[in-house]
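Data block below; observations after.
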Amino acid sequence: MSGPIDWQFESWAAFWQMAGHGPYVWAAVAVTAVVMVALLVAPLRRQRRLLAEVRAEQARAARRAAATADKPAGGKI
Amino acid sequence: MNSALTRSLRRELLLAARRRGELANPLLFFVMVAALVPLGISPQASVLAELAPGMIWVMALLATLLSLEPLFAEDYRDGTLDQLLLAPAGMVFVILGKMLAHWLVTGLPLTLIAPLLAVLLALPAAGWLPLLLGLLVGTLALSMIGAMGAALTVSLQRSGVLLTLIVMPLYVPVIIFGSAVVQRAIEGFSWLAPLALLGSISLLALALCPLVVVGALRLTASD
Amino acid sequence: MAWQWFHQWGSPRWFYQRSGVWLPWLGGAAGLLLAIGLVWGLALAPADFKQGNSYRIIYLHVPASFLALAGYYLMAIAGAIGLVWKIKLAYTAMKCAATIGAALTFVALFTGAVWGKPTWGTYWVWDARITSMLVLLFLYFGVIALYQAFDRVDVANKAAALLALVGTVNVPIIYKSVDWWYTLHQPASLKLTGESTLHASMLQPLLVMVVGFYLFYAAALLLSMRAEVIARESGGGWVKALAAGQGGGQQL
Amino acid sequence: MHPLAAHSFPPLDSALLAFDAVSCERGGRSIFSLLSFELFGAAALQVQGDNGAGKTSLLRIAAGLLAPSGGRVLSRGEPVDSDRYRFGSELLYLGHHAAIKANLTAVENLQYTIDGRHRFELAAIFAALAAVGLAGYEDLPCRTFSAGQRRRVALALLLLSDARLWLLDEPFTAIDRGGVAMIEQLMAGHLGRGGAIVLTSHQPVSLAGLRTLNLTSGADDE
């Protein structure tokens, strides 16, 4: 990095304004951040939902076993 | 009676939610056709602004046509249509619920995504609000009138093209008043008159189309 | 040995465990690089003499554009591997790459449009590069829509892989035809992402951001593939054990 | 015993369903003509005949889906079309295809019934699904079901609905042996409550008091 860190903007306000171009730059940063966070969070939530579905399937199988256990001669597919 | 309407509406929306992937197709079509216009004609904003009102309306019409075919076809195939015809609680309301659900699932999203097209086709700012209001009202008429075509052609195998043939002429007034609303606004005139006419067409369609659809479905069930 | 390693990738369980090990490192590195690159690009790099500060969007737009295109080719290659060697994991990679690629293409388009406003006064300009990017987004949506249209997964895999391959052949043709179309209609004017020579102090943060984006892409892809693998192997014993395990505590 | 509905139907003063010299034409070809029969409570009629003899057409005419080319269809002494609402609410028609939505789960198919008239509690739905042998499959989407399972979901609707007249078109298609016994048990229960059934089937149906009507040979053995 050549020389000491030279901040381009004197204050946070100037950094936010960016000489008039602030809204555009920060809008772009915001949308990019939202999309990237979504790309990380969505798979994790999907994984949790899928594992919950696996548990529900096991409960379903238990119900089926219970149904056939008490009336084995009953209508079974 | 309106409980039949609300229950049918809820049922159809639940069904639509289960096929979310398919719902995006008319929207994607809507945006893609918009991208083809400049490629075909010219990227200059001035040229595009001239075409934008009419183009957006034609594209909304084509996108609605695209989504009409499965409206009754699936019910016809799995036997649900017979049960629909036997609904004692006023079949008209059950059908109306189905048609409103179709509008909520295709017409409304088309309206909400229209600003994106306005940007792509460089529509002047004056035309944005009229475009939204016009589409909001107009897509209702598009769905209602389109449902009639779908009901008439439900029992045919390849009904896609025939459906378009039947319905396109009926869409002419909607297209004329729809693009007139936006055109007038861009030129600075009052755009309420065409909007009011468009609204009356939609209300007329809302009242009469379900009856025609019931008749058409009863017709197909007895062939 | 290499062949055996190549086939090891075939077993989803093995993949799930290996990716579990790499993921924290990958995610950490990506986060670090992105943070450094962003601060460097937004706060430290000098303003462009012509465009002022709005050029700083380049630190998001260019990496996203790179990944949009690279992601498409990666998706197509994964599809090809699936078709040729019948490796299910390749199809999984293809499906997940499609979604992430589409998202990053959207980011590229959005940042490009926002950048266009201060530069040219309107959000959307039919610039050659951006138009091609829009067509690329439609290609992505095409692959995703085709994949979702089929109920049976194996048919969906093959169909989507085929469409992706066809797409790769078309992408260069599309880009060239759009360039030709653009020069046909457009009077000479600044190309948005032309090779205007960037000063070194502006270029360095850009490189950091590009690497950061690639690492992020890899991390997001692995995450998405892990969820997809669980979805496809939900019948498997190891998934049931994982479900039981995850019923209580949280372990990756 | 009918697991759900306890009450039985009130007595009838005239036929629940009556064909008065009904004839049917399809594409210019006469399917059957001048057909008459009457169906009172606690009675079942099996319509037999070769393929194309018009069994399904007969049921659709009875349900009001198909207009007869001649004669009248009466219910409680009046033409069916005069009061479609009353006749509709007393009737349940089970066609060739089980009117089941593939994307909905079994429970949702019964919760959101098409004609919007029925409102069943969840417990009743689960009991009905268990009675037709679908315990454990309640919250699965029906697209994962076999044809037999989908038909059972439609049969569960028979249990839940209070319709007095059942019109069943080939109710046994795609049903295994255990299922057939279960359906016959359901029909017996329905007759016990004073309901009426018209069904078409190629299989022999073991049901007390069953009359058969053969469309091809025209025999109508009372």
Side-chain angles (χ1 to χ4, degrees), chain B residues 1-23 70-101 105 154-155 210-211 214-223, chain D residues 24-27 56-57 59-69 80-81 83-105 107-119 141-143 147 150-151 153-154 157 161 163 165 167 169-170:
Chain B
M1 273 315 171
N2 61 19
S3 78
L5 177 63
T6 44
R7 286 179 62 76
S8 162
L9 196 61
R10 242 191 5 210
R11 174 191 160 87
E12 289 303 322
L13 291 179
L14 179 63
L15 265 168
R18 290 287 154 74
R19 294 195 313 277
R20 255 195 304 279
E22 264 169 54
L23 301 186
L71 190 58
F72 296 111
E74 198 190 319
D75 292 342
Y76 179 77
R77 269 195 309 276
D78 62 21
T80 321
L81 202 56
D82 289 340
Q83 302 299 337
L84 215 59
L85 291 173
L86 294 175
M91 184 184 157
V92 176
F93 286 100
V94 175
I95 294 280
L96 186 57
K98 214 169 164 44
M99 290 154 79
L100 284 178
V105 155
V154 68
S155 56
L211 303 175
V214 166
L217 291 179
R218 222 180 272 291
L219 198 65
T220 51
S222 61
D223 73 345
Chain D
C24 164
E25 255 175 30
R26 289 291 292 281
T56 302
S57 305
L59 275 187
R60 288 180 78 91
I61 290 177
L65 289 171
L66 192 60
S69 58
V80 161
D81 305 336
D83 184 355
R84 184 165 290 285
Y85 178 81
R86 187 187 53 70
F87 184 63
S89 49
E90 261 194 332
L91 159 81
L92 195 72
Y93 170 78
L94 182 56
H96 275 306
H97 310 290
I100 298 298
K101 279 301 189 190
N103 286 323
L104 295 181
T105 65
V107 171
E108 281 163 352
N109 264 302
L110 294 171
Q111 254 175 338
Y112 297 101
T113 52
I114 300 145
D115 49 23
R117 171 163 52 86
H118 304 291
R119 298 175 76 88
C142 290
R143 66 171 174 276
R150 289 187 197 200
R151 188 157 277 286
V153 177
L157 184 63
S161 85
L165 173 61
L167 300 174
D169 198 345
E170 309 281 353

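The sequence lines fix the lettering, A, B, ..., with proteins before strands; numbering per chain opens at 1.
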Charged N to carboxylate O below 4.0 Å: is that the case for D:R150 and B:D78?
no

Measure from the side-chain N and O atoms of B:Q83 to the backbone N and O of D:Y93, and report whether any donor-acceptor pair falls under 3.5 Å.
yes

With a 4.0 Å cut-off, would you call D:K101 and B:E74 a salt bridge?
yes

State, with a plain yes or no, whether a side-chain heavy atom of D:L94 is found less than 4.5 Å away from one of D:R151.
yes

Checking heavy atoms, do the side chain of D:A154, its backbone, both or neither come under 4.5 Å from chain B?
neither

So, the part of D:I100 with a heavy atom under 4.5 Å from chain B: the answer is backbone

Cut-off 4.5 Å, heavy atoms of chain D, and the answer for B:R77 is backbone

